[in-house]
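Working notes, beginning with the structure itself.
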Amino acid sequence: MTHRRTTQVTRAPQTPGLPPVPQARVADVQRLVIDWFSRNARPLPWREPDASAWSILVCEVMSQQTPVARVLPRWREWMRRWPSPADLAAAPPSDVLIAWDSLGYPRRALRLQETAAAIADRHGNQVPHEEDRLLALPGVGAYTAAAVASFAYGRRAVVLDVNVRRVLGRVFAAVEHRPASLTAAEKRWAGALVPAREHVEWNAGAMELGALICTARNPDCDSCPLADACAWVAAGKPSDPTVVRRTQAWAGTDRQLRGAIMKVLRTAHDELATSDEEQAVSISTHLLTAPTAELTADDAEALARLSEPIRKAIAAVRDLDADGTRTARLIDDLVRDGLASRSSTGIRLP
DNA sequence: TGTCCACGTCT
DNA sequence: AAGACGTGGAC
């Protein structure tokens, strides 16, 4: 501990629920996080010094909503195939969606390709440095723009994801969670905590701490470098009764069924793309949407000609919607949103 | 086995 | 500005 006066506070604006923080505490916490990160950072490829800004942007978009372990193999494949934005912009969307695999939220893949085209066309194939220009790219919001500015270009940015918000909230405000929506006031408050130097290490370290130690459910405070400095620990780790954990409905939702339809299209395209014929990669809409009772012997033969993975993917769709009416409607939506396209013989990836 | 969880962007 | 958006692994 420093022996500076602990009554000295930052110039952070007064923010409801977010206390002013003594400067000395801030300096201690910054040092602890940065030192911890230097010893405990996972050796991820996008953290290598030679990682391109493009590779970092791709990683950040993939990592939205998705754990590192699932991102890693797809990110490697993407970087091998599309090492620059222009490479991705030139790829067929079907290849992009297949390479996205089951990362989830396939719209992110399409937006990433739109972003690649924008960078190739308007930014000389170079990922922009400025947060406001990054923010203008499709699929890039406040978090991703700040993360790229910080991690790819070393700019002093306020990187606030749910991990950082949770760590800062616990350490400085003794609260278990932050409310769902990120306000401008909270961003200003957090911005006052970003050090003038080593801000990249601070940003990355706070995220890493939130991901590995200061987790939402079972924080490993025994291993935490901030345990002695943590207001939440000092307060006895109070749980916040106002926090309602949202449990998204999943079973029976359109999202679930859409995912199953997309899996059919990916599987079919991947396995059947041996010729240029539309027919080869299309799946008869009828096989997906006909009520089970109306499937004919011809339909059964058509199914039998397909490979087992495709049949299983189709069966998954039919299990979720034996009636076929929802499937038909969702296929319309997918086509409208550019995730699928119609051909003379059925439905396929765009 | 299922239930819970992750949590940024867009509209 | 609350809700939609996908998936698989942890518990």
Using nucleotides 9-11 of chain B, report all nitrogen or oxygen pairs with the protein that are shorter than 3.5 Å.
unit_1: dT9(B); atom_1: OP1; unit_2: Gly141(A); atom_2: N; d: 2.7
unit_1: dT9(B); atom_1: OP1; unit_2: Gly141(A); atom_2: O; d: 3.3
unit_1: dT9(B); atom_1: OP1; unit_2: Thr144(A); atom_2: N; d: 3.0
unit_1: dT9(B); atom_1: OP1; unit_2: Thr144(A); atom_2: OG1; d: 2.8
unit_1: dT9(B); atom_1: OP2; unit_2: Ala142(A); atom_2: N; d: 3.2
unit_1: dT9(B); atom_1: OP2; unit_2: Tyr143(A); atom_2: N; d: 3.0
unit_1: dC10(B); atom_1: OP1; unit_2: Gly139(A); atom_2: N; d: 2.5

Looking for any heavy atom pair under 4.0 Å, which part of the strands does Asp254(A) touch: base, sugar-phosphate only, or nothing? nothing

Does Pro106(A) reach a base, just sugar-phosphate, or nothing at all? Heavy atoms under 4.0 Å. sugar-phosphate

Among residues at least two apart in sequence or on other chains, which ones pass ring pair (Phe, Tyr, Trp, His ring centres under 6.0 Å) with Phe37(A)? none

Using whole Å, what does the distance between atom C1' of nucleotide dG8(B) and atom CD of Glu60(A) come to? 11 Å

Can you tell me the distance, in whole Å, between the CD atom of Gln65(A) and the P atom of dG9(C)? 17 Å

Taking atom C1' of dG6(C) as reference, at what distance in whole Å does atom CZ of Arg108(A) sit? 8 Å

N-O pairing of Asp87(A) and Arg81(A) below 4.0 Å: no

Less than 4.0 angstrom from a charged side-chain N to a carboxylate O is my criterion; do Asp35(A) and Arg31(A) meet it? yes

Judged by nearest nucleotide, the residue sitting upstream toward the 5' end of DNA chain C, Arg74(A) or Arg258(A), is Arg258(A)

Give a yes or no on whether a salt bridge exists between Asp332(A) and Arg342(A), defined as a side-chain N under 4.0 angstrom from a carboxylate O. yes

Should Glu77(A) and Arg80(A) count as an ion pair when the cut-off is N to O under 4.0 Å? yes

Taking the same atom, P, in dG6(C) and in dT11(B), what whole-Å distance lies between them? 13 Å

Asp220(A) CG to dC11(C) P: how many Å, rounded? 12 Å

Gap between atoms CD1 and C1', on Ile98(A) and dG6(C) respectively (whole Å): 17 Å

Using a heavy-atom cut-off of 4.0 Å across all strands, would you classify Asn218(A) as base, sugar-phosphate, or nothing? nothing

To the nearest Å, give me how far apart CE (Met62(A)) and C1' (dG6(C)) are. 15 Å

Taking CZ from Arg70(A) and C1' from dG6(C), how many angstroms apart are they, rounded to a whole number? 8 Å

Measure from CG on Leu72(A) to P on dG9(C) and round the result to the nearest Å. 14 Å

Please determine which of Ile283(A), Thr267(A), Asp319(A) meets the side chain to side chain contact (heavy atoms under 4.5 Å, CB included) test together with Ile314(A). Ile283(A)

Please give the distance between the P atoms of dA10(C) and dC7(B) as a whole number of Å. 15 Å

Salt-bridge test for Arg25(A) and Asp28(A): reply yes if a basic N is under 4.0 Å from a carboxylate O, no otherwise. no

Contact under 4.0 Å: Ser102(A) side-chain N or O vs dG8(C) OP1/OP2: yes

Does a sphere of radius 6.0 Å around CZ in Arg47(A) hold more than 12 heavy atoms from other residues, nucleotides or ligands, not counting ones at 6.0 Å or beyond? yes

In plain terms, say whether Arg70(A) and Asp101(A) are close enough for a salt bridge, that is, a side-chain N and a carboxylate O under 4.0 Å apart. no

Report the residue from Arg76(A), Glu60(A), Met62(A) that forms a side chain to side chain contact (heavy atoms under 4.5 Å, CB included) with Val71(A). Met62(A)

Could you summarise the pairing of DNA chain B as dot-bracket text, marking Watson-Crick and G-U pairs under 3.5 Å with ( ) or [ ] inside the strand and | across strands? .|||||.||||

Distance check: side-chain N/O of Arg107(A) vs OP1/OP2 of dG6(C), anything under 4.0 Å? yes

